[in-house]
Novice: 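After the structure tokens below, expect a handful of questions from me.
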Amino acid sequence: IDTSFSAHFISPKTSGIGFLADKFTDKNFLAAGWTEIPGWHTSGKGLFTGGSGFDSAKGRYTVPYTGIYIVAANIELTDSRSGVFRASAVIDNKPTQSINGMLSVRQTSPNNYYTHSFSGAMYLAKGQVLSVYVQSSVDTSWTVSQTSGFSAIYHSSYQSVPGFAAVLGKDFKISKTGYTEITKWAKPTTGFGLFQSTTNFDPFSGRITEIGRA
């Protein structure tokens, strides 16, 4: 009952700017640490590239317009046998500085196969470069499957649509079972994907009040 499904219409005035790509083929990597994932393609059913900026060979998207983008990735790993893996949306090839919430962390699976998924809104400035990185804590041989996907679609100019993207900024300790509301978020500042274009979000309480209806 916790499974969900959604679709979102983007205004014709902004549609067509961005890309939706799949991995071109399986790719084995022979290193621990952070690795940028290259080798994508945008030709096929449902895939597209609109406007300029996406280098499919390198897996890098040079942002054509400043604004809010809907970014998503589905990274399927195989042949990973030890340690912890992270997948993240990285800006300007700076994985250790791109703390923007677009991150998935998984312990190695017993069957050596699992998926990293993340999606959400990001503030991106013209000229910034967006790509997907994977970090292996210790494993020096792992594979990104060709069934992986990566996308970034322009949504709106900054401030034209109210919203936010925030991270905690520090660990939040939970000392009980059951549901716990997460509070004390860091105030979003633009730079590596975060933003706040509404006063209706209170970072301290972690709550956003109704903004209004069109």
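When reading the values below, keep in mind they use all heavy atoms of this one structure, side chains included, and skip hydrogens, waters and symmetry mates. Nothing fancy with the numbering, it's 1 onward along the sequence.
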Novice: Would you find a donor on one side and an acceptor on the other, under 3.5 Å apart, between the side chain of Thr62 and the backbone of Gly127?
Specialist: no
Novice: Excluding sequence neighbours, so at least two apart, what forms ring pair (Phe, Tyr, Trp, His ring centres under 6.0 Å) with Phe164?
Specialist: Phe201
Novice: Tabulate below the donor-acceptor pairs under 3.5 Å that side-chain atoms of residues 29-36 make, not counting sequence neighbours, or state none.
Specialist:
unit_1	atom_1	unit_2	atom_2	d
Glu36	OE1	Arg60	NE	3.2
Glu36	OE1	Arg60	NH2	2.9
Glu36	OE2	Arg60	NE	2.9
Glu36	OE2	Ser131	OG	3.0

Novice: Apply the test side chain to side chain contact (heavy atoms under 4.5 Å, CB included) to residues Tyr113 and Leu77: give CA-CA distance (whole Å), side-chain angles for both, the deciding distance (0.1 Å), then the verdict.
Specialist: CA-CA 6 Å; Tyr113 179 90; Leu77 296 182; over 6 Å; no
Novice: Using the side chain to side chain donor-acceptor pair (under 3.5 Å) rule, collect all pairs that involve residues 78-93, keeping only residues at least two apart or in two chains.
Specialist: Asp79-Thr143, Arg86-Gln135, Asn93-Tyr133
Novice: State, without any angle test, whether Asp139 and Ser136 hold a side-chain donor-acceptor pair at a distance under 3.5 Å.
Specialist: no
Novice: Please list all pairs meeting salt bridge (Lys or Arg N to Asp or Glu O under 4.0 Å) that have one or both residues in residues 155-170, counting only residues at least two apart or in different chains.
Specialist: none
Novice: Report all side-chain donor-acceptor pairs from residues 17-26 shorter than 3.5 Å, counting only partners two or more places apart or in another chain.
Specialist:
unit_1	atom_1	unit_2	atom_2	d
Lys23	NZ	Pro38	O	2.8
Lys23	NZ	Gly39	O	3.1
Asp26	OD1	Gln146	N	2.7

Novice: What residues form a side chain to side chain contact (heavy atoms under 4.5 Å, CB included) with Ser160, not counting sequence neighbours?
Specialist: Ser156, Ser157
Novice: With ILVMFWY side chains joined below 4.5 Å, transitively, what does Val84's cluster contain besides itself?
Specialist: Leu103, Val105
Novice: Would you mind listing the cluster partners of Val138? Hydrophobic ones only (ILVMFWY), side-chain contacts under 4.5 Å, chaining allowed.
Specialist: none
Novice: Apply side chain to side chain contact (heavy atoms under 4.5 Å, CB included) to the pair Tyr114 and Phe85, showing each step before the final yes or no.
Specialist: CA-CA 10 Å; Tyr114 54 96; Phe85 280 82; 2.8 Å; yes
Novice: Name all residues meeting the side chain to side chain contact (heavy atoms under 4.5 Å, CB included) criterion together with Tyr179; count only those two or more places apart in sequence or in a different chain, and write none if there are none.
Specialist: none
Novice: Not counting sequence neighbours, list each pair that qualifies as a ring-ring contact (aromatic ring centres under 6.0 Å, His included) and has a residue in residues 87-106.
Specialist: none
Novice: Mind listing the side-chain donor-acceptor pairs of residues 40-51 below 3.5 Å, one per line with the distance, residues two or more places apart or on another chain?
Specialist:
unit_1	atom_1	unit_2	atom_2	d
Trp40	NE1	Ile37	O	2.9
His41	ND1	Ser43	O	3.0

Novice: What residue pairs, at least two apart or across chains, pass side chain to side chain donor-acceptor pair (under 3.5 Å) with a residue in residues 94-108?
Specialist: Ser104-His116
